[in-house]
Protein chains: 2
Amino acid sequence: MNKKPALDPEDRATDAAARAGWLYYVGGLTQDQIAAELGVSRQRAQRLVSKAMSEGLIHVRLEHRIARCLALEAALKAQFGLQTVRVAPSLGPGVDPVRGLAPVAASVMERFLRQPDPLIIALGTGRALRAMVEELPKMSCEQHKLISLIGNIAPDGSASNYDVIMRTADTVRAPHYPMPLPVIIDDPEIRRMFYQLPQLKIVARLAAQADVTFVGVGHMTDSAPLYVDGFISARDLAEQRALGAVGEIATWCFDDRGRYIEEGLAQRVGGLKAQCKAGGQVIGIAAGQDKVVPLAAALAGKLLDGLLTSEETAEALLG
Amino acid sequence: MNKKPALDPEDRATDAAARAGWLYYVGGLTQDQIAAELGVSRQRAQRLVSKAMSEGLIHVRLEHRIARCLALEAALKAQFGLQTVRVAPSLGPGVDPVRGLAPVAASVMERFLRQPDPLIIALGTGRALRAMVEELPKMSCEQHKLISLIGNIAPDGSASNYDVIMRTADTVRAPHYPMPLPVIIDDPEIRRMFYQLPQLKIVARLAAQADVTFVGVGHMTDSAPLYVDGFISARDLAEQRALGAVGEIATWCFDDRGRYIEEGLAQRVGGLKAQCKAGGQVIGIAAGQDKVVPLAAALAGKLLDGLLTSEETAEALLG
DNA sequence: CAGTTTGGTGAGCATATGCCCGCGACCTGG
DNA sequence: CCAGGTCGCGGGCATATGCTCACCAAACTG
């Protein structure tokens with residue numbers, strides 16, 4: 001005669017753990033109070049609470065639109081082996097995702113800028129990058145160095161619209177190192193000459209030592225920013241696409257596996273590839289439907305160590 | 001032109017709080033780690049976590065059958081102003097709820113028995129009470145005193161079946177004070193005589209000083225335990241019901257508002273009403289469909305300071 | 001424009017928490 | 001019946017947490 005099937009000691013232990021967990025997490029009691037309530041020692045109460053958690057009796061969920069973004073961040077980190085990931089909440093179906101991304105990205109950059117130790121921060125180009133810079137608060141960051149990866153001379157000879165470094169340096173009051181050369185240099189001789197300039201070598205050396213590099217990621221559709229803004233011709237665009245280009249970072253095109261394309265346009269680019277010192281990180285900033293393919297490629301090719309994007313884009317990248 | 005509706009500072013603060021809360025409760029990071037992760041001071045991280053909780057962003061739920069019981073306990077405590085409440089999980093629709101209640105109730109009593117300081121513990125009668133006692137582990141409680149509220153002599157002159165004190169005292173090895181008198185004493189003279197006995201006066205004085213009193217709660221239906229077990233006659237039962245009795249505690253009947261009925265049967269009861277010292281508590285133990293009405297009445301009349309019952313019964317009491 | 005108030009910030013400290021360790025009870029196999 | 005092993009328990013300690021206090025900066029007010 002087995003008399004008491006209801007008295008499984010395991011069950012009773014779990015019941016007690018559940019009770020302790022309830023008191024701790026729901027009731028907000030301290031472990032001392034729980035110990036008194038259940039008439040056990042504090043250590044026992046601690047073990048019960050711990051058991052309730054480890055047995056998965058306690059479920060915590062975050063009631064906030066950002067919860068989804070946090071889950072996406074975790075997934076992106078895991079899937080692509082990224083260090084820094086931030087996903088900005090959607091502002092609604094009709095709203096440009098870059099709008100929501102900008103302040104979120106700015107807070108990430110601000111965190112670097114607030115470091116008291118001197119940092120070398122390199123900047124690429126892009127609409128989202130520019131929007132981020134607009135959101136930076138006024139600061140005083142004399143200790144850091146801002147480096148531009150891209151030339152500051154537009155095809156028409158004016159200062160490039162794409163050049164975010166001046167604006168950034170102005171806002172955060174940091175020493176800055178622009179690249180004194182055109183974005184695209186057709187003549188190989190002249191290009192070589194530029195690359196011999198001492199100040200450009202300084203910038204290149206700094207870029208290689210960057211603690212963090214923020215870059216936009218461009219797409220190569222018919223409305224590719226490089227083409228629309230007049231940096232490259234329709235012929236260049238077609239050529240790169242024929243070579244497999246699906247995106248570009250700082251005017252350097254790459255294919256769908258994130259491998260840089262060294263032929264054609266790459267021979268005329270005036271600027272530096274996204275890079276940083278060992279232990280630093282290259283952080284991509286981009287959002288929007290057009291950016292899904294180039295981002296996926298850049299992530300596959302490990303061109304990025306971090307990603308700041310929008311909820312919709314993150315979903316598309318993981319989908 | 002209001003430029004940035006997406007930048008409500010309140011929203012940003014809440015977003016940060018949500019992020020911190022997620023890292024703390026879901027990710028299990030310490031506040032120091034969160035501070036490092038978000039690039040803020042630990043104090044700020046602590047405030048964010050606290051804000052996430054206070055704004056109700058964090059929801060905790062207990063994934064366990066006992067969760068419902070805990071909720072019922074909280075409701076019973078609040079609704080009836082009780083100190084000690086324990087609701088035993090249901091073992092299924094067909095199973096006697098007393099079976100599940102017994103070990104739960106035993107753990108409550110055990111907690112009192114484990115007190116190193118001497119306690120006076122009074123005991124009433126009842127099936128659930130008896131079942132509880134059966135579940136007590138062997139202990140050594142020389143410091144306490146066990147008091148019986150009810151006579152230990154059954155109508156046929158034998159030791160009463162209802163007498164739980166001997167069994168309890170035997171199991172927990174505590175000094176015990178049974179009531180040396182019949183449960184029902186028909187002759188008023190003899191009853192008066194009994195009440196004059198010095199040892200009975202001692203017991204009565206101890207009962208009034210009880211730290212805790214455990215009592216069953218009987219019903220007054222046709223199958224009332226008092227009647228079925230032969231302590232009272234069908235006539236007595238009918239009389240008490242006519243006087244409004246819906247339940248009894250230690251053979252003392254009360255009406256639907258929990259007021260003791262002093263006429264009729266009460267004149268012949270041999271024993272003490274459930275009582276305890278100021279600051280002590282009277283704990284009712286009962287479960288089952290029949291007990292809902294008497295329990296509701298006893299709770300309404302503040303006859304009980306604590307309640308040990310089953311899930312189904314608790315639901316019915318609150319329903 | 002100066003004084004005031006309010007909201008937020010970092011320092012410091014008392015308390016709560018988590019964890020390691022030694023002890024004793026219980027179980028198991030001889 | 002006993003020796004060895006295992007498990008769980010409470011003591012104690014390093015660390016994390018929550019809270020209070022004094023301060024600062026921005027907004028408000030006379």
Side-chain angles (χ1 to χ4, degrees), chain A residues 4 7-58 60 103 107 110-111 113-117 136-140 173, chain B residues 2 4 7-58 60 107 110-111 113-117 136-141 172-173:
Chain A
K4 311 277 177 188
L7 272 180
D8 180 1
E10 183 57 37
D11 269 11
R12 302 196 58 181
T14 303
D15 285 4
R19 185 172 291 274
W22 163 278
L23 291 170
Y24 190 72
Y25 290 103
V26 182
L29 303 188
T30 71
Q31 297 184 353
D32 278 308
Q33 292 172 301
I34 293 167
E37 184 81 24
L38 300 183
V40 299
S41 69
R42 187 186 71 77
Q43 294 78 357
R44 179 104 189 93
Q46 199 275 333
R47 285 186 180 99
L48 288 171
V49 170
S50 163
K51 180 185 172 96
M53 181 51 90
S54 68
E55 296 207 353
L57 302 179
I58 302 294
V60 181
S107 76
E110 190 181 333
R111 189 187 146 197
L113 291 169
R114 293 234 180 261
Q115 296 283 340
D117 303 328
L136 285 173
K138 293 224 174 294
M139 301 175 64
S140 187
R173 303 214 171 281
Chain B
N2 60 342
K4 311 277 177 188
L7 272 181
D8 179 0
E10 183 58 36
D11 270 11
R12 302 197 59 180
T14 303
D15 285 4
R19 185 172 292 274
W22 163 278
L23 291 170
Y24 189 71
Y25 290 103
V26 182
L29 302 188
T30 70
Q31 297 184 353
D32 278 308
Q33 292 172 301
I34 293 167
E37 184 81 15
L38 301 182
V40 298
S41 69
R42 187 187 71 77
Q43 293 81 351
R44 180 107 188 89
Q46 198 277 333
R47 285 186 180 98
L48 287 171
V49 170
S50 162
K51 180 184 170 95
M53 181 50 90
S54 68
E55 295 208 353
L57 302 179
I58 302 294
V60 181
S107 76
E110 190 182 333
R111 188 189 147 195
L113 291 169
R114 293 234 180 263
Q115 297 282 340
D117 304 329
L136 286 174
K138 293 225 174 293
M139 301 175 63
S140 187
C141 303
V172 306
R173 304 213 170 282

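What you see below is based on every heavy atom in this structure, not just the backbone, and it leaves out hydrogens, waters and symmetry mates. Model, not experiment: these values are computed from the prediction. Letters A, B, ... mirror the listed sequences (proteins, then strands); counts begin at 1.
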*Side-chain donor or acceptor of B:R111 paired with backbone N/O of A:A36 under 3.5 Å*: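 Present.
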*With the sugar-phosphate defined as primed atoms, P, OP1 and OP2, and the base as all remaining atoms, what B/S/- string results for nucleotides 7-19 of chain C, 5' to 3', for protein heavy atoms under 4.0 Å?*
--BBBB----BB-
*Are A:K51 and A:T14 close enough that some pair of their side-chain heavy atoms sits under 4.5 Å apart?*
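With C-beta onward as the side chain, the pair touches.
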*If you fit an axis to the five pairs at each end of the helix from C:dC1-D:dG30 to C:dG30-D:dC1, how big is the angle between those two axes, to 10 degrees?*
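Axis-to-axis angle, ends of the helix: 30°.
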To the nearest 0.5 Å, tell me how far [X] [atom1] sits from [Y] [atom2].
| X | Y | atom1 | atom2 | result |
| --- | --- | --- | --- | --- |
| B:S41 | B:R47 | OG | CZ | 7.0 Å |
| A:Q31 | A:L48 | CD | CG | 10.0 Å |
| B:S50 | B:M53 | OG | CE | 9.0 Å |

*Shortest non-hydrogen separation from B:G21 to B:A52 and the atoms involved*: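 Closest approach of B:G21 to B:A52: CA-CB, 4.0 Å.
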*Would you name the heavy atoms of A:I34 and A:A20 that are closest together and state the gap between them?*
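Reported closest heavy-atom pair: CD1-O, 3.7 Å.
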*Sequence neighbours left out, what pairs pass salt bridge (charged side-chain N to carboxylate O under 4.0 Å, His left out) with at least one residue falling in residues 20-34 of chain B?*
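Sorted result for residues 20-34 of chain B: empty, none.
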*Can you list every salt bridge (charged side-chain N to carboxylate O under 4.0 Å, His left out) pair that touches residues 37-46 of chain B, not counting sequence neighbours?*
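Counting only pairs at least two positions apart or across chains, the salt bridge (charged side-chain N to carboxylate O under 4.0 Å, His left out) contacts touching residues 37-46 of chain B are A:K77-B:E37.
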*Return each pair, listed once, that meets side chain to side chain donor-acceptor pair (under 3.5 Å) where at least one residue sits in residues 20-29 of chain B; pairs must be two or more places apart or across chains.*
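Applying side chain to side chain donor-acceptor pair (under 3.5 Å) to every pair that reaches into residues 20-29 of chain B, excluding sequence neighbours, yields nothing.
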Protein-nucleotides 22-25 of chain C N/O pairs under 3.5 Å:
none

